[in-house]
2 protein chains.
Amino acid sequence: MTDFDPVPHPLPDPLVDLIAQRFRVLSEPMRIKLLDRLRDGDASVTELQEALGASQQNVSKHLGVLLSAAMVSRTKHGTSVRYAIADPGVFTLCEHVCGGLRRQLSELDAVLATEVTA
Amino acid sequence: MTDFDPVPHPLPDPLVDLIAQRFRVLSEPMRIKLLDRLRDGDASVTELQEALGASQQNVSKHLGVLLSAAMVSRTKHGTSVRYAIADPGVFTLCEHVCGGLRRQLSELDAVLATEVTA
DNA sequence: GCGTAGCACAACCAAACAGTTGTGCAATGG
DNA sequence: CCATTGCACAACTGTTTGGTTGTGCTACGC
């Protein structure tokens, strides 16, 4: 259940589109911030709005995108609505990206170092 | 060198922007296809163009984006230019995305199954 | 040199998208 | 009931961006 077949290669077109679409969902700073905030636990739209300092409509809109991608879950709770992380895998992705960024910085440092040494 | 500090939380704004920017680079099907093709080894613009069935200018443009993100490397080789994967980490990312997609499909199947059983 | 092949750059167009404004709607408290 | 709170939907706007077209530039073969 947790181990999968290797990813096909070359990637079939429909899969390519799905992958790109997934990345696109994560390509907005506000959505990253929302996910990062939800890492502390579920929250209402109002709470997220205050945490990010954005308009209520904008927050709702981005939450809608995340919900469509099934990255968050939506639960009506009285007069309020609580959003929560539905796919913790997104954090793994972010960590890998951060790792990649650090790698690039390290390489840049190395290049600059040799540059100076030379 | 290969193990890093944990990712800070909450994510500082500049880092959020970097992460989102990185994801944005990967949010285009054509760029995913280019990376997938380069997985077989380095290639010239013309080769990539023929492999993807796209225009030369468009391929060059997307390669430029990938190059700016340091995901590919560019090497002049005679009258031709060879592009190659510079950051193999992108494939890890793609695999994680694929894994997430499969998880979602599995869950969907499970839901449908209980739906039928009920 | 001269024509050609390989590639990148700039200008343009159309589509997608983020953000705001305005509004509708459901649930709660008085 | 009625006003208020919490949220989502729709329309609009400015910006971004993917793709095309046109062009310049560099390296090679003749």
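Chain A is the first sequence line, chain B the second, and so forth, proteins listed ahead of strands; every chain is numbered from 1.
- Taking Asp36(A) as the reference, nothing meets the salt bridge (Lys or Arg N to Asp or Glu O under 4.0 Å) condition, with sequence neighbours excluded.
- Of the N and O atoms on the side chains of Arg31(B) and His62(B), at least one donor lies less than 3.5 Å from an acceptor on the other residue.
- If you measure from atom NE2 of His77(B) to atom C1' of dT26(D), you get 16 Å, rounded to the nearest angstrom.
- Looking at Gln57(B), its side chain comes within 3.5 Å of the base of dG22(D) through a donor and an acceptor atom.
- Looking only at side-chain heavy atoms (C-beta outward), Leu48(B) and Leu63(B) come within less than 4.5 Å of each other.
- Rounded to whole Å, the distance from CZ on Arg82(B) to C1' on dC7(C) is 14 Å.
- The separation between Asn58(B) atom CG and dC7(C) atom C1' is 14 Å, rounded to whole Å.
- Checking the phosphate oxygens (OP1, OP2) of dG19(D), a side-chain nitrogen or oxygen of His62(B) falls inside 4.0 Å.
- Distance, Glu47(A) CD to dT5(D) C1': 14 Å, rounded to whole Å.
- A close approach under 4.0 Å does not occur between any side-chain nitrogen or oxygen of Ser60(B) and OP1 or OP2 of dC7(C).
- The distance between atom CG of Leu63(A) and atom C1' of dG19(C), rounded to the nearest whole Å, is 15 Å.
- Between the side chains of Asp40(B) and His9(A), at least one donor N or O sits under 3.5 Å from an acceptor N or O.
- Comparing Gln56(B) and Gly78(A) by the nucleotide of DNA chain C that holds the closest heavy atom to each, the one mapping nearer the 5' end is Gln56(B).
- Lys76(A) places its NZ atom 12 Å from the C1' atom of dT28(C), with the value rounded to the nearest Å.
- Residue Arg74(A) places at least one side-chain N or O closer than 4.0 Å to OP1 or OP2 of dA8(D).
- The side chain of Thr79(A) lies closest to dG6(D), out of dG6(D), dC7(D), dA8(C).
- Taking a cutoff of 4.0 Å between a charged side-chain nitrogen and a carboxylate oxygen, Asp42(A) and Arg74(A) do not qualify as a salt bridge.
- Rounded to whole angstrom, the span from the CD atom of Gln49(B) across to the C1' atom of dG19(D) amounts to 14 Å.
- A heavy atom lying under 4.0 Å from DNA chain D marks the following residues of residues 21-45 of chain B, by number: Arg24(B), Glu28(B), Arg31(B).
- Side-chain nitrogen and oxygen atoms of Tyr83(A) include at least one within less than 4.0 Å of the OP1 or OP2 phosphate oxygen of dA8(D).
- Mapping Ser80(A) and Lys61(A) onto DNA chain D via the closest heavy atom, the residue that lands nearer the 5' end is Ser80(A).
- By the 4.0 Å N-to-carboxylate-O rule, Arg102(A) lies too far from Glu107(A) to be salt-bridged with it.
- We find that CG of Leu66(B) is positioned 11 Å from P of dG18(D), with the value rounded to whole Å.
- With no hydrogens or angles considered, a side-chain donor-acceptor pair links Gln56(A) and Ser60(A) at under 3.5 Å.
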